[in-house]
Each structure stands twice: as structure tokens, then as C-alpha cells.
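Beneath this line is the structure, given in C-alpha cells, with notes to follow.
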Amino acid sequence: MKSDELYALLRRRGVLWPSAEIYGGAQGLYDYGPLGAALKRRVEDAWTAWFVGRSPDYYRIEPAELVPEAVVRASGHLENFTDPEISCEACHAVFRAETVVEKVRPEGVDGLAPNQIEEVVRANHLKCPNCGSTALAVPRAFNLMFDVPFGVQRSERAYLLPETAQASYLAFARMWEVGRKALPLGIAVVGRAYRNEIAPRQVLFRMRSFTQAELQIFFDPADPPGRLGAYAEEKVPVLRVDRREKGEGSTAFVPARELVASGLPEFYVDHLVHLLRFLREVLGFPTERIRFFEKSDKERAFYNRIQFDAEVHLESLGGYKEVGAVHYRGDYDLRRHGDGSGKDLSVARPSGERVVPHVLELTFGVDRNLWALADVHLAHEGERTVWKLPPYLAPVQAGVFPLIPKEQRPFAERLTADLLAVGVAAAYDEASSIGKRYARMDEAGTPFCVTVDGPSLADGPDRGTVTLRQRDSKAQERVPAAELAARLAPSLRFPRPTMPPPL
RNA sequence: GCGGGCAUAGUGUAGUCUGGUUAUCACAUAGGCUUGCCAAGCCUAUAACCCGGGUUCAAAUCCCGGUGCCCGCACCA
């Protein structure tokens, strides 16, 4: 489905819509409706079960979203999230300062103040890359972070977190104690991050307020966590730098063992496989649509030693789009915050020797994956529109209908209440024809429909059999009403990691 | 941010060029009759010209500004 069509469908069904819609909307901000909010919660819970549930030494915390200025100063966001810009007064185009000065200053403009950049521009008589005019305006800073006046006097400044990862680094010292001083230590955050994006676009793919699910694994570089074990032969879809440099753009399916043989650390590949399996086995993305895109030295942030972006091919957006990543960040973060805070964030090995833990970051864009779940699993099948969500992710898990409302209404209503009572997200519907009710549920991704009919009442007012209908196959079978919940339960549980904890 | 295009019920649209009657149609939604296992039929109802200003006897239609969306570029430590 095209992006417009998909978005219209999601709006119509109340999955999501623009924030402040009655005021014409606000760029880059979206609200989730009932279906979207429920789906999002399930994706977050499935992510938590899969990643945080992998080890007893992994913990999920919930930090504040606002941090003091010292934090973003230390993390580097205050300087690095700021791209100096130069605008042309003749044609009004705006460029990153780096682009304008690159010929005379190949090392870039990092560390230069705006007035120093201006000196470079004037001294070299630089011209506008667009129209060639020399009427270039004073560079100004554009920071992607939202800053907020803080305190009663509003005299301090706080920042909305530009990435949730920072909160995990801030929590490390406390969590080292809470987690009883053991490495590896995993700190996960599922929360909002905020960026004042220059051009928010493509709905959930670039928002100004978005949800990240991130797991930061702190470990001793002398004893990194993760062994491939049974997954050594797992074929990983990768597009590596060497291949790209040869102009080759297709995905290669490389056994995990070979990735290690090519020089990637085993612990890194282990987590790549774990993320691959999450995308494939939990979110249900077909392997052919997934690839891990290796970022080169130039493309990745300087503190990332290894970076593969997880990408999914999306029809609606016309190509591969990033939905997550695995970053080996070394000891950059704890060193920066150690320096910034003046606290020693190194820890003692059993031998007594001290080490600053390294960080492996698993990052996952919740909103983007929601869009991907719609793109991949929501499709027209002839007349039908079916959202083939994995059953445990579906916002509504069972639709319950009386075939003839005036006859089976009480039975069906009681059955709905019984299912809700045991934790099945059931929805009762008696409006319009039975076919239409199935169709509505298909579009909402509901995996099961239960119809109460004439024979249901034969054994008594609430003890008979009902028709259980499967969304994907449309197959029907008769099931005793009393056994329904137990029958559905296995399909509604989140998959759990079968890989051993990375110890 | 730049350039181009676009904006009409919940969704998709006709009408805009060439200003003029009660703003078209389909689906969806709600109610009724009927039917009863895959979007059946009939009747009825709800529901729209993005916001602000201007031109005009008269603006969905023309002009200006804003906002939002789409595409390309740029951006995405």
C-alpha cells in the first residue's frame, strides 16, 4: 500500500492521527488512538520480554524525560546536536556550515564558534553553493534539542532527552549498586525522546516526539557477553561496507560464524542475531525484507566502533528504512559522564583492577516499527483488507458476535465478559451483518472471532459450543465455550528468547 | 530549511480554469425493516469547502498571508 493510503486507513480506524488536528495539526507530532495505543503497548511489552527478559541482570527503568544542561554538555549533544548553518541572503537557501566551507577547510567546523566560521567565510570569499552569491549571512546555531526554562525563577535550563540512552548512562552508578555489582549489566528504557527536527516527514518515521526502546549493556571489555552457540549457522542478511564500496547494493545472507571470522566480535554478532530473530519471529517481518546495513567510518558517529542499522523494506515508503540498530559505543559514554559529573564511573573487577565498562547499545524505534507492522502485515486480499498482525500483538484478540443478536445476545455478552476476566482482549459486536463484523475485525488485525449461534444454546444458556474463526485462513471450527480461553492462550503469549543469557 | 505541487463530510472524491440554485457520488457510521456464518437488500439520519484577511452585489472557486500534507534537494551527533 502507498503511504497515503496506509495513513488514511490508520486514521480512519483510529490507530493514529495528527496532534492538535482541529488546529490544523503540528508538524512531527502524532496521537495514538485506541488501536494504536494498544498495539504500541504490546510491541513495547514484547520488546521487553525479548530483550530485557534475556538475562536476570537486565533491568528496565523509567527515567525522567528532562535533564539538566550539564548532562547534555557532557554527552556532547549540546555541541554535536548543533549544526552551524549559513544562509544565503540572495536566494535564501540554507546550508550546513560544513558544506559551505568544505573546500577550504576539509576538517570541518567542529569546535568553531559562529563568529570564527564567519571569518573563514569572509577570508576565503566563499560563495553560495546554490546561486553563487557572496551574500552569505552570519552563521547561527540550530540545535535539535528542545530546551526548557527550569526552576521557579526560570533561570536554569533543562533539555528534553534527545535519546533515551542518556538516561541509562546517568543511571549506571545507581544501578551498579541495585544490580549487586555485576557485569554485564543491562539497563533498558522504553520512553519518549524529543528532537526539533528540521523537516519531520513520513509520519512515524521522523517525529518531534517519539518512543525509543533501548537496552544498554554494560560489560567488561575483557569478558564481553554473548556466544553464538546454536546460532553459529544462522544466516544474517547484511549489506557490508566492503560490498557497498564495490557498488553492490544487494543483501548477502551470511552465516553468523562467518561474520565473526571476518573480524566482528562474537558478542556483537550474537546481539545482531538476537535483534534479527526479534524482527523475524516476534514482529513477523519476512527475512527477505530485513537487512543489517553496516555504517562506514564516515557514516557513523565517531564514538561508535561498530554500527549496523536494522532496516526493513517498506512498500509504503519505497525502500529500506531504519527501524533499529546495534551500536558498540566503547567506553565513550561513561567516560564523558565521569568527566562531566566528576564521579568515577569505573568499577572493580574481582581482581581489584578497575575498568570503565564498555557499552553495547540495542536501539529500537517503537513508532517506526508500528508503521512497519502496518506496512508489512496490512494488505488488501480481493475485497478484504486484512491486518495479519501476530496474534499476541493484536489490539483486540477476539471479536465476539451473536449470530442473531436478539437470540444469543446474553450468551455472547457473558462470553465476552468471561474472556476479558481472564485477560483476553475481547470485543463484543452485534451491529450489521455477520460478514461485516468479520471484515471490521480483519481490518483491525483481530486474530480470532467467536460466533455464538443456534447450536450454542442447545446445551443450556451458556454451556454450548461456539464457532471459532481464524482471521488468516477464515477456517471455522466448533469449540466448547468453556475451553475457549485455554484454546487461545498459547497464541496470545509473547515469544520468549530461546538464546542463552549472554553471560 | 529551499524549490515545486496540493488542501471539499470519518475515508476517497465531483465541482475551482470560466465566481452565481439546496456543494456531487461512493464507501463508512447511526436508527428501522428484513436476513442470518464471511462487507446482502430497502428506507431514514448524521456529516465537508484548512485558518485569517482582501476583491466583489455575490467566493469552495480569484488575490495575499498563515498552517498542514506530498515530492525533490538538504537534514537525520
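Within every chain, numbering begins at 1; the chains are lettered A, B, ... in the order of the sequence lines, protein sequences first and strands thereafter.
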Inset, instruction - Quick one: the dot-bracket string of RNA chain B, using Watson-Crick and G-U wobble pairs with both distances under 3.5 Å, [ ] for crossing pairs and | for bases paired to another strand. - result: (((((((..(((.......[....))).(((((.......)))))....(((((..]....))))))))))))....

Legend entry - Exceeds 12 heavy-atom contacts within 6.0 angstrom, atom CZ of A:R157: no

Inset, instruction - Provide, to the nearest angstrom, the distance between the CD atom belonging to A:E5 and the C1' atom belonging to B:U11. - result: 11 Å

Legend entry - Gap between atoms CD and P, on A:Q307 and B:A77 respectively (whole Å): 9 Å

Legend entry - Which residues share a ring-ring contact (aromatic ring centres under 6.0 Å, His included) with A:Y320, sequence neighbours left out: A:H313

Inset, instruction - Return the value, rounded to whole Å, for the distance between atom CZ of A:R12 and atom C1' of B:A26. - result: 13 Å

Legend entry - For RNA chain B, the residues among residues 203-216 of chain A that have a non-hydrogen atom under 4.0 Å from it: A:R206

Inset, instruction - Establish, with yes or no, whether the OP1 or OP2 oxygen of B:G12 is under 4.0 angstrom from a side-chain nitrogen or oxygen of A:R11. - result: yes

Legend entry - Ionic contact status for A:E311 with A:R368, cut-off 4.0 Å: no

Inset, instruction - Examine A:Y332 together with A:Y303 and report whether their ring centres are nearer than 6.0 Å. - result: yes

Inset, instruction - Compute the centroid of each ring, for A:Y428 and then for A:F401, and state whether the two points are separated by less than 6.0 Å. - result: no

Inset, instruction - Take the protein atom CG of A:D4 and the nucleotide atom C1' of B:A7, then report the distance between them rounded to whole Å. - result: 12 Å

Legend entry - Residues A:E69, A:R73: salt bridge by 4.0 Å N-O rule: yes

Inset, instruction - Identify whether any heavy atom of A:Q202 sits under 4.0 Å from a base atom; if not, whether one sits that close to sugar-phosphate; answer base, sugar-phosphate or nothing. - result: sugar-phosphate

Inset, instruction - Could you please spell out the steps behind the side chain to side chain contact (heavy atoms under 4.5 Å, CB included) verdict for A:F218 and A:L360? - result: CA-CA 7 Å; A:F218 299 84; A:L360 182 69; over 6 Å; no

Legend entry - Test item: A:F411 and A:D453 side chains (from C-beta on) under 4.5 Å apart, heavy atoms: no

Legend entry - Most 5' of A:Y23 and A:H327 on RNA chain B, judged by nearest nucleotide: A:Y23

Inset, instruction - Salt-bridge test for A:R289 and A:E315: reply yes if a basic N is under 4.0 Å from a carboxylate O, no otherwise. - result: no

Legend entry - Carboxylate-amine/guanidinium contact A:E381 A:R384, below 4.0 Å: yes

Legend entry - Separation of B:G10 C1' from A:L16 CG (nearest whole Å): 15 Å

Legend entry - Ring centers of A:F267, A:Y328 separated by less than 6.0 Å: yes

Inset, instruction - Take the protein atom CG of A:N196 and the nucleotide atom C1' of B:A77, then report the distance between them rounded to whole Å. - result: 15 Å

Legend entry - Length of the line joining A:Y7:OH and B:G10:C1', which is rounded to integer Å: 14 Å

Inset, instruction - Look at all strands and tell whether A:A199 reaches a base, only sugar-phosphate, or nothing, counting heavy atoms closer than 4.0 Å. - result: base

Inset, instruction - Check each residue of residues 391-401 of chain A for a non-hydrogen atom within less than 4.0 Å of any atom in RNA chain B, then write out the ones that pass by number, or none. - result: none

Legend entry - Atom-to-atom span, CE of A:M1 to P of B:U11 - whole angstrom: 16 Å

Inset, instruction - State, yes or no, whether a side-chain contact exists between A:L484 and A:D418 at a heavy-atom distance under 4.5 Å. - result: no

Legend entry - Options B:G10, B:A77, B:A74, nucleotide nearest the side-chain atoms of A:A301: B:A77

Legend entry - Nearest-nucleotide pick for A:R201, side chain only, options being B:A77, B:G72, B:G68: B:G72

Inset, instruction - Only counting residues at least two apart or in another chain, list the ones meeting ring-ring contact (aromatic ring centres under 6.0 Å, His included) with A:F51. - result: A:W47, A:H274, A:F278

Legend entry - Main-chain N/O of A:L373 paired to A:W387 side chain as donor or acceptor, under 3.5 Å: yes

Atom pairs under 3.5 Å, N or O on each side, protein against nucleotides 36-41 of chain B: can you list them with distances?
residue	atom	partner	partner atom	Å
B:G36	N1	A:L403	O	3.4
B:G36	N2	A:L403	O	2.9
B:G36	N2	A:R437	NH2	2.8
B:G36	N3	A:L403	O	3.2
B:C37	O2	A:Y438	OH	2.6
B:C37	O2	A:Q476	OE1	3.4
B:C37	O2	A:Q476	NE2	2.7
B:C37	N4	A:D453	OD2	2.4
B:C37	N4	A:T467	OG1	3.1
B:C38	O2	A:R469	NH2	2.9
B:C38	N3	A:R469	NE	3.0
B:C38	N3	A:R469	NH2	3.2
B:C38	N4	A:R469	NE	3.4
B:C38	N4	A:K474	O	2.7
B:C38	N4	A:Q476	NE2	2.9
B:A40	OP2	A:S433	OG	2.5

